[in-house]
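Below is one structure; the comments refer to it alone.
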Amino acid sequence: MTIRELAKLTGKSYATVSRALNDSPKISEETKNSIKKIAREKGYRINAGAKSLATGIHMTIGVLYPYHHLRAVESVYTDRLINAVREELAARNFDTLITGYDTIGEDTSLLTRLVREKKVDGLLILGYEVTEQAVVEARKYTDKVILINPIHENWIRNYDYIMIDHHRGGKLAAAALLGKGRKNLCSAAENMPQFLERIRGFETEINKYPDASCSHFHLDSGSYDDAYRFGLEYLSELKQMDGLFVQSDNSAFGIMNALQDSGMHVPGDLAIIGYDDVDWCGYSRPALSTIHQPKTQVAEHVADVMVKWVMEGKDSGFRKTLDPIYVDRESC
């Protein structure tokens, strides 16, 4: 069945039927639903190629994540967030093209290729690693660009973004440890900018308590193996502490297991809090207390905004910050 045959069946013009099937805001919801109902009953299927040619809309969003060789074993949260974004876009009848971008040099070609070659209707760019230069380059080709969890620097205020209040996340971790009577506190993190806001928040809360102290340890990477080795290497130092804030759940698992394998008790000797709230925090022994980063909310917000921009045209800025939540389990 062609769209012209469908138009005859509905008693509407070709243009009205085309707009209704493409969810044009110029057509009332009642008319859209009526036309779509008849289309489903008659087995009509939209030709995606023809639709793209007619409307310039590909019904596809590019999702770009920071790529490096350890990402797959370091950032479980990023993987889960990407999947949540894909599911939310799929629920709105949009496809995704997912690819990594260079985090070492200043090469912006991967960031811009999808829009330069007109393969996607907009870009969702994850990560602290993206630079302003890369965003400026991408926006030469489309203004439909949303940054997800970008770096905490002033330049991002000129662009569209959604982020987590990581300063608040660090404060929540400190408050939880202090609330359990822990005073000799420390944190463990990689030397990377995405963790600085969490540490600042952690210190801010601890500084409210004159009898509390805070130390910081450096992790070589975010991998489980490196965290496990750190736990063994710094065992004597950690025995002097009674509360530890680790910047990712993956690293927290490694340190916690190393300490327990060495005879320490968690949380008896050392209370531990992670960050992210990945799926298996409840399966570790003890179950890991952590700071929950909202994945579903992030995915819902960016999918809603991006789809609205694509279907109706971009007409307003999008800048949103979400609060993390402390999840109390057995390790603290």
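All heavy atoms count here, side chains included; hydrogens, waters and symmetry mates do not. None of the values given here were measured: they were computed from a predicted structure.
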[atom1]-[atom2] distance between [X] and [Y], expressed to the nearest 0.5 angstrom:
{"X": "D279", "Y": "Y283", "atom1": "CG", "atom2": "OH", "answer": "7.0 Å"}
{"X": "E29", "Y": "K32", "atom1": "CD", "atom2": "NZ", "answer": "4.5 Å"}
{"X": "D220", "Y": "D226", "atom1": "CG", "atom2": "CG", "answer": "5.5 Å"}
{"X": "L147", "Y": "I151", "atom1": "CG", "atom2": "CD1", "answer": "11.5 Å"}
{"X": "L235", "Y": "D261", "atom1": "CG", "atom2": "CG", "answer": "11.0 Å"}
{"X": "Q240", "Y": "S215", "atom1": "CD", "atom2": "OG", "answer": "10.5 Å"}

What are the two closest heavy atoms between [X] and [Y], and how far apart are they?
{"X": "E237", "Y": "E233", "answer": "OE1-O, 4.1 Å"}
{"X": "I206", "Y": "A212", "answer": "CG2-CB, 3.9 Å"}
{"X": "A252", "Y": "V246", "answer": "N-CG1, 3.5 Å"}
{"X": "M264", "Y": "L270", "answer": "CE-CB, 4.0 Å"}
{"X": "Q247", "Y": "A189", "answer": "CG-CB, 2.8 Å"}
{"X": "I156", "Y": "P150", "answer": "CD1-CG, 3.9 Å"}

Whether [X] side chain and [Y] backbone form a donor-acceptor pair below 3.5 Å:
{"X": "R139", "Y": "V145", "answer": "no"}
{"X": "T96", "Y": "I98", "answer": "no"}
{"X": "S284", "Y": "C281", "answer": "yes"}
{"X": "D121", "Y": "T60", "answer": "yes"}
{"X": "S262", "Y": "A258", "answer": "yes"}
{"X": "R168", "Y": "G201", "answer": "no"}
{"X": "N149", "Y": "I164", "answer": "yes"}

For residues 255-276, which residue pairs qualify under ring pair (Phe, Tyr, Trp, His ring centres under 6.0 Å), counting only residues two or more places apart or in two chains? H166-Y275
Could you list all the ring pair (Phe, Tyr, Trp, His ring centres under 6.0 Å) pairs where at least one residue sits in residues 312-332, not counting sequence neighbours? none
Set of residues satisfying ring pair (Phe, Tyr, Trp, His ring centres under 6.0 Å) with respect to [X], sequence neighbours excluded:
{"X": "F217", "answer": "F230, Y234"}
{"X": "Y141", "answer": "none"}
{"X": "Y161", "answer": "none"}

Is any side-chain heavy atom of [X] less than 4.5 Å from a side-chain heavy atom of [Y]?
{"X": "V63", "Y": "T99", "result": "no"}
{"X": "C214", "Y": "F202", "result": "yes"}
{"X": "T10", "Y": "S34", "result": "no"}
{"X": "D249", "Y": "L288", "result": "yes"}
{"X": "M59", "Y": "M311", "result": "yes"}
{"X": "I61", "Y": "L123", "result": "no"}
{"X": "R329", "Y": "T290", "result": "yes"}
{"X": "F253", "Y": "Y228", "result": "no"}

So, using salt bridge (charged side-chain N to carboxylate O under 4.0 Å, His left out) as the criterion, who are the partners of R200 when residues are at least two apart? E197
Salt bridge (charged side-chain N to carboxylate O under 4.0 Å, His left out) partners of R92, counting only residues at least two apart: E88, D304
What donor-acceptor contacts under 3.5 angstrom involve side-chain atoms of residues 292-301, with partners at least two apart or in another chain?
residue : atom : partner : partner atom : Å
H292    : ND1  : D277    : OD2          : 2.9
Q293    : NE2  : D276    : OD1          : 2.6

Would D225 and R229 satisfy side chain to side chain contact (heavy atoms under 4.5 Å, CB included), going step by step from the backbone distance to the final call? CA-CA 6 Å; D225 290 340; R229 283 191 289 270; 3.9 Å; yes
Do N83 and R86 get their side chains close enough for a donor-acceptor pair, meaning under 3.5 Å? yes
Can you find a side-chain donor-acceptor pair between Y77 and N250 that sits under 3.5 Å? no
Show me the donor-acceptor pairs, under 3.5 Å and distance only, between side chains in residues 169-186 and residues at least two apart or in other chains.
residue : atom : partner : partner atom : Å
K180    : NZ   : D328    : OD1          : 3.3
K180    : NZ   : C332    : O            : 2.8
R182    : NH1  : D242    : O            : 3.0
R182    : NH1  : P267    : O            : 3.1
R182    : NH2  : P267    : O            : 2.9
N184    : OD1  : S213    : OG           : 3.4

Please answer: with hydrophobic residues joined when any side-chain heavy atoms are less than 4.5 Å apart, are [X] and [Y] in the same cluster?
{"X": "V266", "Y": "L219", "answer": "yes"}
{"X": "Y209", "Y": "I273", "answer": "yes"}
{"X": "I325", "Y": "F245", "answer": "no"}
{"X": "I272", "Y": "V327", "answer": "no"}
{"X": "L238", "Y": "I199", "answer": "no"}

Would you check, one step at a time, whether the test side chain to side chain contact (heavy atoms under 4.5 Å, CB included) holds for K308 with V310? CA-CA 6 Å; K308 181 176 185 293; V310 171; over 6 Å; no
Tell me, please, which residues at least two apart from [X] pass side-chain hydrogen bond (donor to acceptor under 3.5 Å, both in side chains).
{"X": "S28", "result": "T31"}
{"X": "E41", "result": "K37"}
{"X": "S331", "result": "none"}

Using the side-chain contact (heavy atoms from CB on, under 4.5 Å) rule, pick out the option among V136, T131, V135 that qualifies with W155. V135
Walk me through it: do Y159 and R319 pass the test side chain to side chain contact (heavy atoms under 4.5 Å, CB included)? CA-CA 8 Å; Y159 306 100; R319 296 172 181 86; 5.7 Å; no
Is there a side chain to side chain contact (heavy atoms under 4.5 Å, CB included) between L259 and D269? Walk through the geometry before answering. CA-CA 10 Å; L259 298 184; D269 297 323; over 6 Å; no
